[in-house]
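For reference, the structure discussed in these notes is given below.
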Amino acid sequence: MGRAGISAFVAFAVGLLTLLSLLLGDNPALFGGQPGSEVLAERLALPGDVLLRLVVIVVALSIVIGIANLLYVHVGRVARGKFYSAVLLASFAFTIYWYVTNRGDSSLLEAAQVPIESALASLLFFSLVYGGARVMRKRADIWGLLFVAVVIIVLLGSLPLAELAPVKAWSDWLMAVPVSAGARAILLGIALGTVVAGVRAMLGQDRSYRG
Amino acid sequence: MAENTIALVSFLLTLMVFSYILGDIPLVSVLYRSAVFIFAGMTAAFTLVVTYEGLILPYLQDIQDRSTSWTTLGHSADIYIFGAALLFGLLLLLKPFHALSWLTNSVLAVVIVVGASVAVVGALSGTLFPLLQATAALPAGITQDFSAMMDRLLVFVGTMTALFYFHYQLRANRDGLAQGSRLGQGFRHIGKAFIVTTLGAIYASTILTCLTILTERISFLFQFGA
């Protein structure tokens with residue numbers, strides 16, 4: 001077995017163990033409630049429990065490694081005279097200094113993080129309106145028309161004007177029936193895709209971990 | 001931090017981000033880009049703090065406390081799990097060394113498949129079965145209300161046809177060319193109408209959310225200016 005085969009075997013064995021443990025563990029009803037079924041269910045849940053704890057700590061460590069890599073890259077860029085990397089490193093260092101000297105104080109979050117986040121989100125408004133207008137110019141077919149019509153109905157339906165009560169009723173019906181059906185189908189599609197992608201990763205068909 | 005300082009910093013950072021609207025003017029674009037890099041640096045720092053305080057520190061405290069145990073195996077097993085996780089973390093650092101990268105890949109394989117298993121179980125028990133059940137089931141007393149029954153039927157048809165829209169199976173005709181059935185094409189068109197309607201509604205909801213945030217930011221700028 002080659003080195004790539006070792007990773008694939010590890011993936012299959014660990015994936016199967018975790019899946020069985022999560023599906024069968026902590027569920028005594030699956031074993032007909034017979035004597036000892038609770039102990040059996042608890043034992044079956046154990047491998048999944050251990051692996052989940054292990055992976056949570058590894059993920060936490062990988063986040064730390066990722067941030068260390070980000071800093072390393074930007075230190076290199078500062079050495080080449082990049083101004084914005086210096087801004088990033090300075091804001092990182094200041095935030096850590098603030099956290100160490102003012103534990104439990106969230107005012108830096110309120111003063112800097114939240115305003116930038118909300119200002120960036122509000123800029124998205126212009127992009128979305130511009131994108132909506134471009135739909136009609138680039139794609140003037142039945143589907144483009146339907147898309148823009150729904151956008152306009154939902155936007156008008158959200159206005160608190162008595163004159164627009166029929167539009168509001170139409171918008172509410174749209175949200176309750178066709179949108180609900182489409183959203184259910186999209187969610188079901190995501191769930192089916194997740195199952196297929198998960199099984200493919202476990203079977204070693206999708207070896208994204210090879211990097 | 002004093003309230004006035006918080007407001008002043010918020011005001012300046014909001015203006016820096018809004019300078020994007022003025023376009024790609026050299027001196028003005030420095031403000032927007034600086035705000036974005038400040039945001040990236042702070043986000044990295046906050047992520048580090050949250051990861052340390054919310055994950056690593058509690059686990060470190062737990063393994064020092066003999067009265068706690070994560071599993072039924074007892075306290076000593078916790079130390080082994082934590083030790084193994086640290087070892088895995090160290091193996092992740094071997095990625096740049098080509099000859100040893102298979103060790104890193106094995107650790108990544110464990111992380112990915114455990115995540116995939118959790119996702120599969122979550123998708124099955126949290127989305128797939130409950131959503132199918134909710135779509136197919138009829139609420140009690142619905143047969144007396146014709147319009148509610150029609151709406152329910154429409155939701156069912158919409159869900160099924162929208163799922164069918166992603167079905168790409170074709171058959172070869174006598175000339176060997178790929179051909180879909182007319183019925184299937186009809187279902188696909190109905191499904192597409194439901195999906196386009198949903199995407200339009202999601203798009204409109206996102207516009208409304210962004211508009212609400214924009215209104216809040218602009219009112220903050222005016223309040224601070226006053």
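Throughout, protein chains are lettered first and strands after them, A, B, ... in sequence-line order, and every chain is numbered starting at 1.
- Rounded to the nearest 0.5 angstrom, B:Leu208 CG and A:Phe125 CZ are separated by 9.0 Å.
- A:Leu187 contributes atom CG, which lies 10.0 Å from atom OG1 of B:Thr198 (distance to the nearest 0.5 angstrom).
- How far OH of A:Tyr99 is from CZ of B:Phe46: 11.0 Å, rounded to the nearest 0.5 Å.
- For CZ of B:Phe11, the number of neighbouring non-hydrogen atoms (other residues, nucleotides, ligands) closer than 6.0 Å is greater than 12.
- Interface residue A:Ile67: only side-chain heavy atoms are found under 4.5 Å from chain B.
- No donor-acceptor contact under 3.5 angstrom links the side chains of A:Ser118 and B:Glu216, judged on distance only.
- Counting heavy-atom pairs under 4.5 Å between each of A:Val199, A:Leu120, A:Ile152, A:Leu71 and chain B puts A:Leu120 at the top.
- Top candidate by heavy-atom pairs under 4.5 Å with chain A, chosen from B:Ile202, B:Thr127, B:Thr209, B:Leu163, is B:Leu163.
- Chosen from A:Asn102, A:Val151, A:Val14, the residue pairing most often with chain B at heavy-atom distances under 4.5 Å is A:Val151.
- When B:Val107, B:Leu211, B:Leu154, B:Ile195 are compared by the number of non-hydrogen pairs under 4.5 Å with chain A, B:Leu211 comes out ahead.
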key: Full working for side-chain contact (heavy atoms from CB on, under 4.5 Å) between A:Met202 and B:Val120   = CA-CA 11 Å; A:Met202 272 179 252; B:Val120 167; 4.2 Å; yes
task = Would you sort out whether A:Trp143 and B:His189 count as a side-chain contact (heavy atoms from CB on, under 4.5 Å), showing the intermediate values?
result = CA-CA 10 Å; A:Trp143 305 116; B:His189 277 303; 3.6 Å; yes
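- Chain B forms more heavy-atom pairs under 4.5 Å with one residue of A:Val59, A:Leu54, A:Val56 than with any other, namely A:Leu54.
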task = Start with the C-alpha distance between A:Arg184 and B:Phe194, add both sets of side-chain angles, then the distance that settles side-chain contact (heavy atoms from CB on, under 4.5 Å), and finish with yes or no.
result = CA-CA 10 Å; A:Arg184 280 174 193 214; B:Phe194 276 94; over 6 Å; no
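- Only the side chain of A:Leu46 comes within contact range of chain B, judged by heavy atoms closer than 4.5 Å.
- Listed for the B:Tyr203 side chain is a donor-acceptor partner under 3.5 Å among the backbone atoms of A:Leu128.
- Both the backbone and the side chain of B:Phe39 come within contact range of chain A, with heavy atoms under 4.5 Å apart.
- Per-residue counts of heavy-atom pairs under 4.5 Å with chain A were compared for B:Leu55, B:Val114, B:Thr14; the largest is that of B:Val114.
- Residue B:Leu128 touches chain A through both its backbone and its side chain, counting heavy-atom pairs closer than 4.5 Å.
- Across B:Gly158, B:Ala123, B:Ala7, B:Ala85, the residue that shares the most heavy-atom pairs under 4.5 angstrom with chain A is B:Ala85.
- Considering only heavy atoms from C-beta on, B:Tyr59 comes within 4.5 Å of A:Arg53 through its side chain.
- A distance of 9.5 Å separates CD of A:Glu117 from CD1 of B:Ile213, quoted to the nearest 0.5 Å.
- Environment of CG in B:Leu27: sparse, with no more than 12 heavy atoms of neighbouring residues, nucleotides or ligands closer than 6.0 Å.
- Atoms CZ and CZ, from B:Phe18 and A:Phe126 in turn, are 7.0 Å apart once rounded to the nearest 0.5 Å.
- No donor-acceptor pair under 3.5 Å is formed between the side chain of A:Tyr84 and the backbone N or O of B:Ser34.
- Heavy atoms of B:Arg33 lying under 4.5 Å from chain A belong to its backbone as well as its side chain.
- With respect to chain B, the highest number of heavy-atom pairs below 4.5 Å among A:Leu123, A:Ile153, A:Asp49 belongs to A:Leu123.
- Only the side chain of B:Tyr32 comes within less than 4.5 Å of a heavy atom of chain A; its backbone N, CA, C and O stay farther away.
- Using a 4.5 Å cut-off between heavy atoms, B:Val118 touches chain A through backbone and side chain atoms alike.
- Heavy atoms of A:Ala176 lying under 4.5 Å from chain B belong exclusively to its backbone.
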request  = Go through the steps to decide whether A:Trp98 and B:Met42 satisfy the test side-chain contact (heavy atoms from CB on, under 4.5 Å), and finish with yes or no.
outcome  = CA-CA 11 Å; A:Trp98 181 270; B:Met42 292 188 85; over 6 Å; no
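- Per-residue heavy-atom pair counts under 4.5 Å with chain A were compared for B:Ala116, B:Ala204, B:Ala134, B:Ser205, and the maximum is reached by B:Ala204.
- No more than 12 heavy atoms of other residues, nucleotides or ligands sit less than 6.0 Å from atom NZ of A:Lys168.
- With hydrogens and angles ignored, the 3.5 Å screen pairs a side-chain donor or acceptor of B:Ser10 with a backbone N or O of A:Ala111.
- Remark: B:Asn4 CG is loosely packed, at most 12 non-hydrogen atoms of other residues, nucleotides or ligands lying under 6.0 Å away.
- Taking chain B as the reference chain and counting heavy-atom pairs below 4.5 Å, the highest number among A:Ile142, A:Leu61, A:Thr18, A:Ile57 is found for A:Ile57.
- The residue among A:Val10, A:Ile186, A:Ile63, A:Leu17 with the most heavy atom pairs within less than 4.5 Å of chain B is A:Ile63.
- In this structure, CD1 in B:Ile207 is found 10.0 Å from OG in A:Ser158, a value given to the nearest 0.5 Å.
- Using modelled atom types, no side-chain atom of A:Ser122 and backbone atom of B:Leu214 make a donor-acceptor pair closer than 3.5 Å.
- For a residue to count as touching a neighbouring chain, one of its non-hydrogen atoms must lie under 4.5 Å from one of that chain's; by this rule B:Thr215 does not touch chain A.
- Residue B:Ser101: no heavy atom, backbone or side chain, is found under 4.5 Å from chain A.
- Heavy atoms of B:Leu86 lying under 4.5 Å from chain A belong to its backbone as well as its side chain.
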